[in-house]
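For this chain, numbers begin at 1 and follow the sequence in order. Hydrogens, waters and symmetry mates are skipped; everything else that's a heavy atom, side chains included, is used. Everything numeric in this text was worked out from a predicted model, so none of it was measured.
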Amino acid sequence: MTKRPLYYSAFVMNTASHVLHGLWRAPDAQNHRFNSLRHWTSLAAEVDKAGYDVLFFADVFGLRATWNGNWRKAVEGGIQVPVNDPSVLASAIAAATENLGIVFTSSIVQDHPFNFARRMSSLDHYTDGRLGWNIVTSFNANMFRSFGHEGTLAHDQRYEWANEYVDVTYKLWEGSWDDDALVQDKERSVHSDPSKIHKINHVGRRYTVEGPHFTSPSPQRTPVLFQAGSSPAGQLFSARNAEGVYISSPTPADAHKLTGETRALAAANGRDPQDITFAQGLSFVIGDTHAEAVRRNDELKRYLDVEGVALHALGDAGIDAGNLPLDTPISALGEFTGIQSFSRWAAEISGNDEPTIRDMAWALEGANRVVGTPKEIADRLEEWREAGVDGINVYHATLPASFREVADRLFPTLRERGLIGTDKSGTLRHKLLGRGDRLPDTHPAARYRGAFSDNSLADRVPETVGSV
């Protein structure tokens with residue numbers, strides 16, 4: 001059987017410093033121009049023309065954990081602050097591109113599902129069905145407090161919230177309007193058929209939503225659903241809901257285990273396991289020879305903010321190590337989420353049996369980076385595809401140079417090897433899954449098709465005798 005090509009997602013954030021902190025200072029970097037609309041439309045047009053399938057926006061909505069007791073380091077280093085709303089770019093990007101999928105992150109905390117569903121349907125119309133939603137539950141305490149909560153909810157409680165949130169959006173997207181409700185018949189003066197538009201009357205623990213949906217069915221109805229949770233609760237949520245899962249496995253073997261587990265969970269929940277795609281996060285440094293690629297990788301590190309990388313990683317784990325020297329052993333920080341992975345990577349890369357914060361930062365900086373010639377990188381991508389990966393989420397160092405380099409120096413070899421597709425047209429769902437524009441019948445959202453019968457909108461108002 002012929003293997004499907006991998007799809008390629010250009011991974012960005014509407015901020016100056018996304019993952020490789022400090023690189024915005026490089027002379028050729030345009031990362032700092034994130035406030036410019038032209039910056040984003042030009043970048044989108046370039047990656048669209050180059051053959052990328054998706055422009056994927058990460059997002060955060062709160063300050064990172066403190067470093068040495070305050071947020072000074074994060075703010076001075078531009079470490080994901082300030083960050084602009086990526087959703088407002090979608091229409092402009094759609095107008096500047098032909099085939100590029102547009103995926104952005106939105107948290108269940110930051111918007112009511114009724115309003116969010118309307119925005120997404122509108123954007124799916126304006127993008128001709130090229131829209132995707134990366135669903136996040138968020139854990140940032142500053143974000144929760146800014147939205148009026150006392151603090152972060154427990155992990156599994158956030159996924160309970162997420163389950164109801166997506167349920168509301170599914171009802172609105174899939175069940176509120178029949179396919180033929182939008183008539184637009186000028187001769188009969190009928191724009192929409194009220195008998196085919198339904199209130200959803202959702203009553204749940206967090207939301208009460210009467211409806212109906214205020215946007216007619218868009219090309220995909222439900223945008224393509226992405227998720228990146230790797231915890232047991234997150235993995236189960238992905239298995240039940242996601243069509244695209246972003247992963248960051250350290251090796252193809254780890255990816256094979258993760259993709260196999262998630263697809264088995266999907267089957268156990270009544271879904272076709274092939275209705276989920278997995279995109280592995282990777283960055284690339286390319287050379288005509290291996291030695292040249294290694295040299296260029298070393299040059300890349302000149303502008304890296306090692307302390308910023310440590311802040312990002314440890315801050316997510318709830319650790320403030322800002323008052324400690326970078327040569328402090330990781331073991332001195334105590335037990336925290338991810339310490340074993342951090343320590344293992346740092347020990348392997350540094351050769352230090354007692355890795356330090358500095359070792360950990362360098363390990364994370366180079367994690368999932370492939371350094372080599374186009375042929376060497378293509379060989380590695382073959383391994384990832386064999387492991388069950390369907391796409392590559394391409395990390396950047398500098399914009400637009402990183403994406404341009406991959407397109408110019410790597411994509412030609414990938415086309416020769418059948419590792420990148422040539423047909424980029426159609427809706428995002430059809431492009432990634434090859435199964436049409438709409439969600440399959442086995443997806444949980446499909447149960448709301450034709451499920452609602454509240455047609456009170458179609459009832460005629462009785463005439464009132466003697467009214468003034």
Check: Mind checking what makes salt bridge (Lys or Arg N to Asp or Glu O under 4.0 Å) contact with R206, not counting sequence neighbours?
Finding: none
Margin query: Whether D390 and R263 form a salt bridge (side-chain N of Lys/Arg under 4.0 Å from carboxylate O of Asp/Glu) is what I want to check.
Written below: yes
Checklist line | Over 12 non-hydrogen atoms of neighbours within 6.0 angstrom of CZ in R119 | finding: yes
Note to self: Donor-acceptor pair, distance only, cut-off 3.5 Å: does the side chain of H443 make one with the backbone of N241?
What the structure shows: yes
Next item on the list: List in chain and number order the residues that pass ring pair (Phe, Tyr, Trp, His ring centres under 6.0 Å) with F34, two or more places apart in sequence or in another chain; answer none if no residue qualifies.
Entry: none
Item checked: Pairing residues for N269 by the side chain to side chain donor-acceptor pair (under 3.5 Å) criterion, not counting sequence neighbours -> R240
Checklist line | Main-chain N/O of D437 paired to R429 side chain as donor or acceptor, under 3.5 Å | finding: yes
Margin query: Taking atom CZ as the centre, does R415 end up with more than 12 heavy-atom neighbours from other residues, nucleotides or ligands that are less than 6.0 angstrom away?
Written below: yes
Item checked: Partner of F403 by ring pair (Phe, Tyr, Trp, His ring centres under 6.0 Å), out of F411, Y52, Y395, Y8 -> Y52
Next item on the list: Take Q80 and T15 through the side chain to side chain donor-acceptor pair (under 3.5 Å) test and state the conclusion after the steps.
Entry: CA-CA 6 Å; Q80 298 187 348; T15 190; over 6 Å; no
Checklist line | Y126 atom OH: more than 12 heavy-atom contacts under 6.0 Å | finding: no
Next item on the list: Check the side chains of S9 and N393 for a donor-acceptor pair under 3.5 angstrom, ignoring hydrogens and angles.
Entry: yes
Next item on the list: Check V389 against A255 and note the closest heavy-atom contact, atom names and distance.
Entry: CG2-CB, 4.1 Å
Checklist line | Under the salt bridge (Lys or Arg N to Asp or Glu O under 4.0 Å) test, residues paired with D454 that sit two or more places apart | finding: none
Checklist line | With sequence neighbours excluded, residues passing ring pair (Phe, Tyr, Trp, His ring centres under 6.0 Å) with H149 | finding: F144, W161
Item checked: Any donor-acceptor N or O pair under 3.5 Å, side chains S283, R369 -> yes
Checklist line | Within residues 131-157 or reaching into it, pairs that qualify as salt bridge (charged side-chain N to carboxylate O under 4.0 Å, His left out) - sequence neighbours excluded | finding: none
Margin query: Check this for me: E261, atom CD, are more than 12 non-hydrogen atoms of other residues, nucleotides or ligands nearer than 6.0 Å?
Written below: yes
Item checked: With sequence neighbours excluded, residues passing side chain to side chain donor-acceptor pair (under 3.5 Å) with W384 -> none
Notebook entry, point to check: Below 4.5 Å, heavy atoms only, C-beta onward: do T277 and V245 meet side chain to side chain?
Noted result: no
Margin query: So which atom in P400 and which in L43 form the shortest heavy-atom distance, rounded to 0.1 Å?
Written below: CB-CD1, 3.8 Å
Note to self: Can you give me the closest heavy-atom contact between G78 and S17, atom names plus distance?
What the structure shows: O-CB, 3.1 Å
Next item on the list: Sorted by first residue and then second, give each ring-ring contact (aromatic ring centres under 6.0 Å, His included) pair with at least one member in residues 248-277; sequence neighbours left out.
Entry: none
Check: For K196, what residues pass the salt bridge (Lys or Arg N to Asp or Glu O under 4.0 Å) criterion, not counting sequence neighbours?
Finding: D180
Notebook entry, point to check: With a 4.0 Å cut-off, would you call D441 and R449 a salt bridge?
Noted result: yes
Margin query: Can you confirm if the aromatic rings of F56 and F11 lie within a centre distance of less than 6.0 Å?
Written below: yes
Notebook entry, point to check: Relative to each other, are the rings of W173 and W133 parallel, tilted or perpendicular (30° and 60° limits)?
Noted result: perpendicular
Note to self: Can you pull out every ring-ring contact (aromatic ring centres under 6.0 Å, His included) where at least one residue sits in residues 259-286? Sequence neighbours excluded, please.
What the structure shows: none
Margin query: Closer than 3.5 angstrom, by distance alone: can the side chain of W177 be matched with the main-chain N or O of L182 as a donor-acceptor pair?
Written below: no
Checklist line | Any donor-acceptor N/O pair, K431 side chain to K424 backbone, under 3.5 Å | finding: yes
Notebook entry, point to check: Can you name the nearest heavy-atom pair linking P5 to G421, along with the distance?
Noted result: CB-N, 3.3 Å
Checklist line | Presence of salt bridge, R404 and D28, under 4.0 angstrom | finding: no
Notebook entry, point to check: What is the distance from atom OG of S87 to atom CZ of F104, rounded to the nearest 0.5 Å?
Noted result: 4.5 Å
Notebook entry, point to check: Which one of R25, K73, H312 satisfies the side-chain hydrogen bond (donor to acceptor under 3.5 Å, both in side chains) criterion with D305?
Noted result: K73
Notebook entry, point to check: With E416, which residues qualify under salt bridge (Lys or Arg N to Asp or Glu O under 4.0 Å), at least two apart?
Noted result: none
Note to self: Can you tell whether the side chains of D48 and R130 come within less than 4.0 Å, N to carboxylate O?
What the structure shows: no
Next item on the list: Compare every heavy atom of L6 with every heavy atom of D53, then report the nearest pair and how far apart it is.
Entry: OD2-O, 4.5 Å
Margin query: Taking T442's backbone N and O only, do any of them form a donor-acceptor pair with R447's side chain (distance below 3.5 Å, no angle check)?
Written below: no
Next item on the list: Could you pull out the closest heavy-atom pair between H198 and F452, with the gap in Å?
Entry: ND1-O, 3.4 Å
Next item on the list: Check side chain to side chain donor-acceptor pair (under 3.5 Å) between S425 and all other residues, then give those that pass, not counting sequence neighbours.
Entry: D423
